[in-house]
Every structure is written in C-alpha cells, then in structure tokens.
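Here, residue 1 is the first one in the sequence, and each next residue gets the next number. The shown structure was predicted, so the numbers you read here are calculated from the model rather than taken from an experiment.
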Amino acid sequence: MILVLGIFWNGLITEQQLRIKRSSILSTLKYQIFNNKIVIEYQSFTIIHLSLSQDRATPLFIAAQNGHNAVLKLLLAAGAQPDTPRNDGATPLWIASQMGHDHIVKMLLLHGAYVDAVRCDGATALFKAAHKGHSSVVHELLKYRPNLGLIPNGESALHAAALFGHLPIVKQLVAAGADVSLKNQEGMTPLQIARQQKYHSVYQYLKDREHYLRHQSAAVGGGGGGKGMVTVMSGAGTTGGSSVVAIKS
C-alpha cells in the first residue's frame, strides 16, 4: 500500500510517499529522539530524520498544533509521549486546545495526556479553549474533570469565557460546576467582568444563575419569606410516635 506521511515542521509540510507491502506498519514502527534529532524508522529504513526546532517542539506537538490526526495517531502508536512540552511549558494538548482541534484533543486525552498541564504563563488547556471560544474542545476537556477553579495565572476558565463573551462556553462551564461567584486575582467575578466588557447576554445569564443559586441556598438554609421552613408533624396513630419532616420551599 502507499502511506503518505506528512509532518508540519516550522510551518512547512514535508511529505514522503513510501511503498509498504505489509499492512502492519504501526506494529513495527520505531520512534526515537537523540542528539536533538527525531528519527522514525520502519524496519531498517529511515522514514523521517529532522532536527528539533529551537523551542523544542516535538513532531507530536507540531502535528497537534496543525490538526493532523493521522500523523498524530502514527506518532502515538510509535511511542511518542503525549505530554512532552515545548520550552514554554505548552503541551500538545495545550496547543491543540488553543487551536480548536477537538479531534486531536480527544485523541491525546485517550492516550493519557494530563488535562491540567500549565504553560509558563499559568494557563491550562481549558482556559485557552474558553478564551478562544472553542466549545467543542471545552466539551472534550470537561469529560476529564479539569480544574474549574483559579489556576496559576489567577483566573479561571469561566473568567476567560466571560471576558470574551463566549456565552455557550459560559453555560458549559456553569453546568459542569464552575463557581459563578468566584473572584479572580483582581477581586472580580465573571459576572462583573461580563458587565465591564458589556456582554449583555453573558451578564444576564450569570446574573440569573447567581440569583437562582442564592434562592436555592436560602431555601435550604432557612432564608426569609418562609423559605426553608421546617414543619414537624407527629405521626398520630403510628407506633412509636414517628414524625414526618416537611420542608417548604
């Protein structure tokens, strides 16, 4: 069969067409990095031999960055590590999330990529996906229970979504359990940020959600207006004088 192997390298595509008779290429493929070189071999034939870039981005990182699912699968099957970071700490999952490649994100997570890996600026993959408005990526990341609270950059994914007016992502994060009243390093909540940025739909949604949560809390904790009242009724006629507790909400 003919295998077309393409890898983006510093923004350029290098392609080689190899005629392989056996269909078991993935089981016999070898992947190595040594002396700042990447070598992929099939049996005794060198397929690719390239220098690592100055930022230490691996071929897997470049494939993830550019959304090349077939190349990514090939490299993972050959033994590439899913979490090898670039010099700035960005992992393949991080860059794929920023670029909006949900199919790449899904594949990397299935191969054990760490969902909360942090770049040097303190941002996680979820934060970048929320920042960029990639709803499908957020959907994949949320399956792996990422950190919804404050991350090392002093913000949360919900703050990022509110800052850029991404209502669908705001709803996704809130549904997943993100705290709408959480304050960032500057003491601002997502609601306050949305109001400041004049994203009316996001502001209104968060305001309604905050009001709902306050109402629920008052109902459980015994707020005013009859909310949370507990009535104990003796079970007349029942053995042992058992009681029924009713909570009015």
Counting only heavy atoms not in Lys143, do more than 12 fall under 6.0 Å of its NZ? yes
Test Leu213 against Val180 for side-chain contact (heavy atoms from CB on, under 4.5 Å), laying out the working first. CA-CA 9 Å; Leu213 292 175; Val180 300; 3.8 Å; yes
Which of these, Leu74, Leu76, Leu75, sits in a side chain to side chain contact (heavy atoms under 4.5 Å, CB included) with Leu72?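 Only one option passes, and that is Leu76.
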Check each of Leu163, Ile193, Leu182 against Met188 using the side chain to side chain contact (heavy atoms under 4.5 Å, CB included) test, and report the only one that passes.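 Result for side chain to side chain contact (heavy atoms under 4.5 Å, CB included) with Met188: Ile193.
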Check step by step if side-chain contact (heavy atoms from CB on, under 4.5 Å) holds for Val115 and Leu141. CA-CA 7 Å; Val115 70; Leu141 292 169; 3.9 Å; yes
[X] side chain to [Y] main-chain N or O, any donor-acceptor pair under 3.5 Å?
{"X": "Trp94", "Y": "Ala123", "answer": "yes"}
{"X": "Gln185", "Y": "Asn153", "answer": "yes"}
{"X": "Gln197", "Y": "Gly165", "answer": "no"}

Using side-chain heavy atoms (C-beta onward) and a distance below 4.5 Å, is Ile62 in contact with Ile95?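 No, every pair of side-chain atoms sits at 4.5 Å or beyond.
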Hey, are Ser136 and His139 close enough side-chain-wise for a donor-acceptor pair under 3.5 Å?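 Short answer, no.
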State, without any angle test, whether Lys106 and His103 hold a side-chain donor-acceptor pair at a distance under 3.5 Å. no
Here the gap from Arg56 atom CZ to Asp88 atom CG, rounded to the nearest 0.5 Å, amounts to 13.0 Å
Please round to the nearest 0.5 Å and tell me the distance separating atom CG of Leu150 and atom CG of Leu158. 10.5 Å
Do Val118 and Leu93 share a hydrophobic cluster (ILVMFWY, side-chain heavy atoms under 4.5 Å, transitive)? no
In terms of hydrophobic clustering (I, L, V, M, F, W, Y; side-chain heavy atoms under 4.5 Å; direct or indirect links), are Leu148 and Leu167 co-clustered? yes
How are the rings of Phe127 and His131 set relative to one another: parallel (under 30°), tilted (30 to 60°) or perpendicular (over 60°)? tilted
